[in-house]
Amino acid sequence: MGSPLSSFLRQNKPLFFRIFFILFFSCIPDTANLCSNLSLATTAVQTHSASSDNHFSLKKLTLDGHFSFENIHYAAKDFGNTYHFHPSAVLYPKSISDISSTIKHIFNIGTASQLTVAARGHGHSLQGQAQAHQGVVINMPSLQKPVMKVHTGELPYVDVSGGELWINILHETLKHGLAPKSWTDYLHLTVGGTLSNAGISGQAFLHGPQINNVYQLEVVTGKGDVLTCSEQQNADLFHGVLGGLGQFGIITRARISLEPAPKMVRWIRVLYSEFSIFTKDQEHLISSESSFDYIEGFVIINRTGLLNNWRSSFNPRDPLQASKFNSDGKVLYCLEMAKHFNPDEAGIMDKKTESLLSKLSFIPSTLFQSDVSYVDFLDRVHVSEIKLREKGLWEVPHPWLNLLIPKSKISDFAQQVFGEILKDNSNGPVLIYPVNKSKWNRKTSFVTPDEDIFYLVAFLSSALPSSRGTDGLEHINNQNQRILDVSTRANLGIKQYLPHYSTQKEWQAHFGPQWKLFVQRKYAYDPLAILAPGQRIFQKAIPFL
Ligand SMILES: Cc1cc2nc3c(=O)[nH]c(=O)nc-3n(C[C@H](O)[C@H](O)[C@H](O)COP(=O)(O)OP(=O)(O)OC[C@H]3O[C@@H](n4cnc5c(N)ncnc54)[C@H](O)[C@@H]3O)c2cc1C
Ligand SMILES: *[C@@H]1O[C@H](CO)[C@@H](O)[C@H](O)[C@H]1NC(C)=O
Ligand SMILES: *[C@@H]1O[C@H](CO)[C@@H](O)[C@H](O)[C@H]1NC(C)=O
C-alpha cells in the first residue's frame, strides 16, 4: 500500500483510468491505427494546451440554435434521481449541423480538453447515463428537424427527429391510420433514448424490440461526421448504434416502420397462484399463431398500493381489489394481455380472445377485461404519472433493476427472489414476461442471454428519500444487490437491461463475446470517447503526460 505506485494511483485516480483506457486499447488487435490517432491527439495537446477556457471556445461557434451556460442544473438530474453530474453547458440545437459542428470542435481540440458530450432525450435514465460531468449536454427535444413525415404505401414508415417523444409519434401517425409496431410501457420517452437501449414492451414477443423496427438512422459520430445508415448502407454503424448506449453517435433522425393502427384494444388480466402454470401459459401464448397483440405480466407480493398499480390503476379494475383474493403473505402472478380490434370486428375479436383464453389455466374468478381506445391503452402509464405527481411521488429516487433471465432459469430465480428476498412489492410493480429472441436482429449492440426464450423481469421501485425503512433508498438498493448476488452465485446467465456498472471489467463481462466488436466500433466512431460518458464504459482519452 505504501509503494510509490499505489500512492501515485491514489492521488491520480482519474489519470490512471485514462492511462488504462489507452493501454487497454493498445492491447487490442486490429486497432493499430489507434496509435496514429493518439499521437495526433498528443500533437493537439502541444498546439492547444489550455483547457479551462474550452467552454468559452464553444461560444465562438456559429449555430442555428444556442448554448446555455446558466440554468442548466436540470441536465444533472434524471428519473433515477440519485446521480447528479453537472455539465458546463447545454446545447439547444436547431439543426443537425449544430450538433455536428459542436462535436467536430470538441474532437479537434483533442485530448487537451476534457469536454465530453451527452445527448439528453427526456432524461429518463436511472443512473446519470444522459449526463456529462463538466461536459456538454445536448438537449435533443430542441432539434425539431426533420419535421415528422409519414410515408404511406406498402411498407409505411415515419421519419422523426432523434429527440421526438413516442407519444407525439403516435398522435401524428394516427392521422394516417398508422402507428409504430413496438412500444415501451411509457411513451414520454425519446426515440434516441429508447433506440440506444432496446425499447421492450408487450409487443416485443411479436415484433422484436423497437430497435428491430427501424429502417434507417441519421447519426452524428464522435468525430462530428453526419452519416446515414441502414441494413444496406453503413450497416456496421447502424447495428452499432441500435442498443449501443449512445457510444457511437447521436441519433438525429430515425425511420420507423409502421402498421395499420387499430382503434380499440381489449385489455385482459387474469391471476395465477402457481408460478409454473403462469409461465407455461405465457410461453404458450408467445409461441401461438395469431395470439394476442400484447403479452406482459406482473408479480403481486403481499399487498397492493398505489405504486403497485401505477401502470394502469384506472382500467381494468385492479384484479386483486376486485376479486375475493387477498395476497396477504402469498405471491400471485398476473398475466396481462391485449387484443387489437376495430369496432366493426368486435364479434370476431370476441371469439378469438375466448378461444385463446380457453387454453389457459388461470384462476377462473379472476378474469377481468375492458375495452379501451388504442391511445388510452398505449399511454396508460401517463395516467399514473399524473396521479403520482399530484402526490409528490413522481420525482423521488427510482432504484430500478431490469434483468433478462433465460427461460431455463426463471423458476430458480422466482423461487429465490419472490417472497424471499422480496417480501412485498409495495415499493412498485415487478413486471415479468417472456420474449422469443429468434425474432430479434442479432447484429445490434443489444446484449441478451444465450437462450432463445428469455424473460424480462423489471423491479420498478420508488424510494422515499427520507425513509430509513423498507421504502427507503438504502433498503431497496440492498435488496437489488441481493437479487444480483443470488443470480451471480447461482450462475443464472442473466443480463442487465438498461445496464449499470462501475468497472470496465463488469462491462466486459456484460458484453461477453460482443465486447471486442463493441470496442472496435467505439474506436471507429468515437475514438476519443467523447460521447455518452454517463454510461461509464469508456473514459475520454488523455495522453500520458
Ligand atoms: C416510467 C418509465 C417507463 C419505462 N418503460 C420502459 C419500457 O417499457 N421499456 C423499455 O425498454 N424502457 C422503458 N423505460 C426506460 C427508457 O427506455 C429509458 O429511460 C431510456 O433511457 C429512454 O429515456 P430518454 O428518452 O429520456 O433517454 P435519456 O435518458 O435522455 O438517454 C438515455 C441514453 O441514451 C443516450 N441518448 C439519448 N438520446 C440520444 C440520441 N438521440 N442519440 C444517441 N444517444 C442518445 C443518452 O446519452 C443516454 O446515454 C422506461 C422509463 C421510465 C421512466
Ligand atoms: C421462437 O421463434 C422461432 C422463429 O419464429 C420458432 O421457430 C420457435 O419455435 C420459437 N420458440 C418458441 C419456444 O416459441
Ligand atoms: C405482509 O405485509 C404486512 C404489512 O403490510 C406485514 O405485516 C406482514 O408481515 C407481511 N407478510 C409476509 C408474509 O411478509
Side-chain angles (χ1 to χ4, degrees), residues 80 82 125-127 129 197-198 200 204-205 209 243 245 274-276 278-280 282-283 286 296-302 331 333 397-425 427-437 440 445-463 470 473-515 518 535-537:
T82 46
S125 286
L126 299 167
Q127 296 103 349
Q129 285 89 343
N197 287 297
I200 306 175
F205 80 95
L245 306 175
E274 287 291 327
F275 186 73
S276 59
F278 165 71
T279 51
K280 186 171 151 272
Q282 276 192 324
E283 286 168 21
I286 66 156
E296 286 199 7
F298 52 92
V299 187
I300 302 162
I301 311 171
N302 188 26
V331 184
Y333 306 94
H398 291 103
W400 286 10
L401 179 65
N402 287 273
L403 302 175
L404 306 174
I405 303 173
K407 172 187 142 164
S408 68
K409 299 285 163 52
I410 192 67
S411 69
D412 283 6
F413 179 86
Q415 217 165 30
Q416 298 192 58
V417 174
F418 304 144
E420 296 299 323
I421 295 176
L422 199 65
K423 301 263 190 236
D424 69 52
N425 67 322
N427 294 327
V430 178
L431 309 187
I432 175 167
Y433 56 91
V435 291
N436 183 341
K437 187 170 66 177
W440 299 25
S445 293
F446 183 52
V447 174
T448 65
D450 275 340
E451 293 174 21
D452 262 4
I453 307 282
F454 60 85
Y455 278 78
L456 175 76
V457 181
F459 300 89
L460 308 180
S461 305
S462 296
T470 54
L473 187 58
E474 202 184 322
H475 174 83
I476 299 170
N477 278 334
N478 286 340
Q479 205 164 50
N480 287 345
Q481 194 54 51
R482 286 179 64 200
I483 293 170
L484 286 170
D485 288 346
V486 301
S487 309
T488 311
R489 266 204 307 279
N491 227 336
L492 299 183
I494 64 160
K495 293 291 177 190
Q496 282 189 38
Y497 177 53
L498 310 173
H500 170 64
Y501 299 106
S502 38
T503 68
Q504 199 167 59
K505 208 172 145 217
E506 290 170 305
W507 279 112
Q508 203 166 341
H510 171 78
F511 283 101
Q514 282 165 257
W515 174 244
F518 199 81
Q535 299 279 1
R536 290 185 286 172
I537 306 173

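Nothing here was measured: the structure is a model prediction, and the numbers come from that model. Positions are given from 1, in the same order as the sequence printed here.
Contacts classified as salt bridge (Lys or Arg N to Asp or Glu O under 4.0 Å) and involving residues 450-461 (residues at least two apart or in different chains) are given here: Arg442-Asp452. For the side-chain hydrogen bond (donor to acceptor under 3.5 Å, both in side chains) condition, the pairs that include at least one residue of residues 481-490, sequence neighbours left out, are Gln481-Asp485.
Phe454 is linked by a ring-ring contact (aromatic ring centres under 6.0 Å, His included) to Trp440, counting only residues two or more places apart in sequence or in another chain. With sequence neighbours excluded, the residues that form a ring-ring contact (aromatic ring centres under 6.0 Å, His included) with His510 are Tyr501, Trp507. By the salt bridge (Lys or Arg N to Asp or Glu O under 4.0 Å) test, Lys407 is found to be paired with Glu283, residues two or more places apart in sequence or in another chain being considered. In this structure, Asn480 has no side-chain hydrogen bond (donor to acceptor under 3.5 Å, both in side chains) partners at least two apart in sequence or on a different chain. With sequence neighbours excluded, the residues that form a side chain to side chain contact (heavy atoms under 4.5 Å, CB included) with Ala490 are Gln416, Leu492. Partners of Gln535 by side-chain hydrogen bond (donor to acceptor under 3.5 Å, both in side chains), not counting sequence neighbours: none found. Scored by the ring-ring contact (aromatic ring centres under 6.0 Å, His included) test, Phe278 finds Tyr272, Tyr333 as partners (sequence neighbours excluded). Take Thr503 and apply the side chain to side chain contact (heavy atoms under 4.5 Å, CB included) test, not counting sequence neighbours, and it matches Lys505, Glu506. By the side-chain hydrogen bond (donor to acceptor under 3.5 Å, both in side chains) test, Gln282 pairs with no residue at all, sequence neighbours left out. Evaluation of the side-chain hydrogen bond (donor to acceptor under 3.5 Å, both in side chains) rule for His500 yields Tyr83 as partners, not counting sequence neighbours.
For the pair Ile301 and Asn425, the tightest heavy-atom approach, listed with the atom from each and the gap, is N-OD1, 3.0 Å.
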Under the side-chain contact (heavy atoms from CB on, under 4.5 Å) rule, what do Ile410 and Val457 come out as? Steps first, then yes or no, please.
-> CA-CA 9 Å; Ile410 192 67; Val457 181; 4.0 Å; yes
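The CG atom of Leu404 lies 9.0 Å from the CG atom of Leu498; values are rounded to the nearest 0.5 Å. Atoms CG and CD, on Leu403 and Gln496 in that order, are 6.5 Å from each other to the nearest 0.5 Å.
Under a 3.5 Å cut-off, the side chain of Asn427 and the backbone N or O of Thr470 do form a donor-acceptor pair.
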